[in-house]
Amino acid sequence: SLYNMYIFNRLGACVYYEEYNRTTPPASLEDEQNLIYGMLYSFKHFVQKTSPKPDEEQSGFRYFRTSAYKLHYFETASGFRLVLNSAPNVADLRKELRFVYSLLVDYVIKNPEYTVNDKIQPDVFSVFVRELGTYLTAKKLLK
C-alpha cells in the first residue's frame with residue numbers, strides 16, 4: 001500500500017503532496033518536504049559519483065528500502081521529481097511513476113490555468129487528482 005506522494009519542481013519546491021495510508025503525520029510538512037528533497041538531491045549525486053556505469057540510465061537512483069517503508073523515485077528530463085512512499089514489500093513503481101508523470105503533463109502542465117512552478121491546487125486540477133486516484137486504485141496500490 002502507498003503512504004504518500006510528493007511532486008517536486010525543478011527548483012526543489014514541493015508542488016503536490018498527497019497522503020494515502022500514512023499513520024503518523026509529520027511534525028512539520030514543510031520541513032519534511034525539504035528533507036526529502038535534500039536527500040534526493042544528495043542520493044542522486046552520490047549514485048552518479050559512485051556508479052561504475054554513470055552514463056547508463058539504469059545505474060541511477062530508483063528507490064531505497066528501510067524496514068518501515070520504500071521510497072520510489074522518478075526524475076523527468078524537465079526536472080520534476082516524483083516520489084511515492086510505500087510499504088517495504090511493494091515492487092519497483094518506476095512504470096507507475098512514469099504514468100503519474102503523463103497524467104501531470106496532460107492535466108496540469110498543458111492546462112492554461114497552470115503557471116510553471118506553482119503548487120498544484122486539487123480544487124483547480126480536480127481531473128488530475130481524480131485520474132491519479134483512479135489509476136492508483138486500479139493498480140491496487142490504494143485501498
Side-chain angles (χ1 to χ4, degrees), residues 1-51 54-88 90-143:
S1 84
L2 293 182
Y3 300 143
N4 55 11
M5 174 192 294
Y6 305 86
I7 299 176
F8 296 96
N9 66 17
R10 63 183 179 83
L11 302 175
C14 186
V15 294
Y16 185 77
Y17 175 78
E18 183 79 29
E19 283 193 15
Y20 300 109
N21 297 305
R22 186 175 187 169
T23 56
T24 309
S28 166
L29 183 57
E30 185 178 346
D31 287 348
E32 180 182 90
Q33 291 169 348
N34 290 335
L35 285 170
I36 294 286
Y37 183 80
M39 181 202 58
L40 295 172
Y41 182 84
S42 296
F43 267 22
K44 176 185 171 185
H45 290 285
F46 173 77
V47 168
Q48 286 175 337
K49 297 290 185 193
T50 60
S51 174
D55 295 331
E56 294 182 22
E57 181 183 330
Q58 295 300 322
S59 68
F61 168 54
R62 296 169 61 146
Y63 66 85
F64 78 84
R65 179 181 15 232
T66 72
S67 61
Y69 68 95
K70 187 173 186 180
L71 182 144
H72 306 265
Y73 176 70
F74 177 68
E75 184 174 347
T76 70
S78 60
F80 280 95
R81 292 165 174 90
L82 288 77
V83 176
L84 279 171
N85 284 320
S86 72
V90 171
D92 184 9
L93 296 177
R94 188 160 187 85
K95 184 169 54 170
E96 287 78 2
L97 284 168
R98 285 179 194 257
F99 188 79
V100 169
Y101 179 64
S102 73
L103 292 175
L104 180 70
V105 169
D106 290 344
Y107 295 110
V108 177
I109 296 171
K110 289 181 179 178
N111 188 320
E113 293 183 40
Y114 181 67
T115 303
V116 176
N117 297 324
D118 279 357
K119 288 197 178 287
I120 299 166
Q121 303 299 328
D123 55 332
V124 177
F125 300 103
S126 59
V127 175
F128 168 72
V129 175
R130 185 180 64 242
E131 291 297 319
L132 177 61
T134 300
Y135 176 72
L136 295 174
T137 301
K139 289 298 215 171
K140 299 185 178 3
L141 294 169
L142 295 180
K143 293 178 182 180

Suppose we screen for side chain to side chain donor-acceptor pair (under 3.5 Å). Which residues come up paired with [X], at least two apart in sequence or across chains?
X    : result
Y107 : none
Y17  : N4, E19, R22
K44  : E75
S42  : none

Shortest non-hydrogen contact between [X] and [Y], atoms and distance:
X   : Y   : value
Y37 : R81 : OH-NH1, 3.3 Å
P88 : A68 : CD-O, 3.6 Å
R94 : D92 : N-OD1, 3.2 Å

Inter- and intrachain pairs under side-chain hydrogen bond (donor to acceptor under 3.5 Å, both in side chains), touching residues 116-128, at least two apart:
N9-N117
Can you say whether the rings of F64 and Y69 are parallel (under 30°), tilted (30 to 60°) or perpendicular (over 60°)?
perpendicular
Rounded distance (nearest 0.5 Å) linking atom [atom1] of [X] with atom [atom2] of [Y]:
X    : Y    : atom1 : atom2 : value
L84  : L2   : CG    : CG    : 5.5 Å
L40  : L35  : CG    : CG    : 10.5 Å
L142 : T137 : CG    : OG1   : 4.5 Å
E18  : Y6   : CD    : OH    : 12.0 Å
S102 : I109 : OG    : CD1   : 10.5 Å
F74  : E96  : CZ    : CD    : 12.0 Å

Can you list every pair that meets salt bridge (charged side-chain N to carboxylate O under 4.0 Å, His left out) and has a residue in residues 100-114, with sequence neighbours left out?
D106-K110
Could you pull out all residues at least two apart from [X] that satisfy ring pair (Phe, Tyr, Trp, His ring centres under 6.0 Å)?
X    : value
F125 : Y114
Y20  : none
Y135 : F99
F128 : Y16

Side chains of L132 and L104: closer than 4.5 Å at any heavy-atom pair?
no
Taking the side chain as everything from C-beta on, heavy atoms only, tell me whether V129 gets closer than 4.5 Å to I120.
no
Partner set under side-chain contact (heavy atoms from CB on, under 4.5 Å) for A87, not counting sequence neighbours
Y3, N89, V90
Could you tell me which residues satisfy side-chain contact (heavy atoms from CB on, under 4.5 Å) with T23, sequence neighbours excluded, listed by chain and number?
none
Checking side chain to side chain donor-acceptor pair (under 3.5 Å) between S86 and each of K70, H72, R65, which is the one that passes?
H72
Under the side-chain contact (heavy atoms from CB on, under 4.5 Å) criterion, do V100 and L93 qualify, and how do the steps go?
CA-CA 10 Å; V100 169; L93 296 177; over 6 Å; no
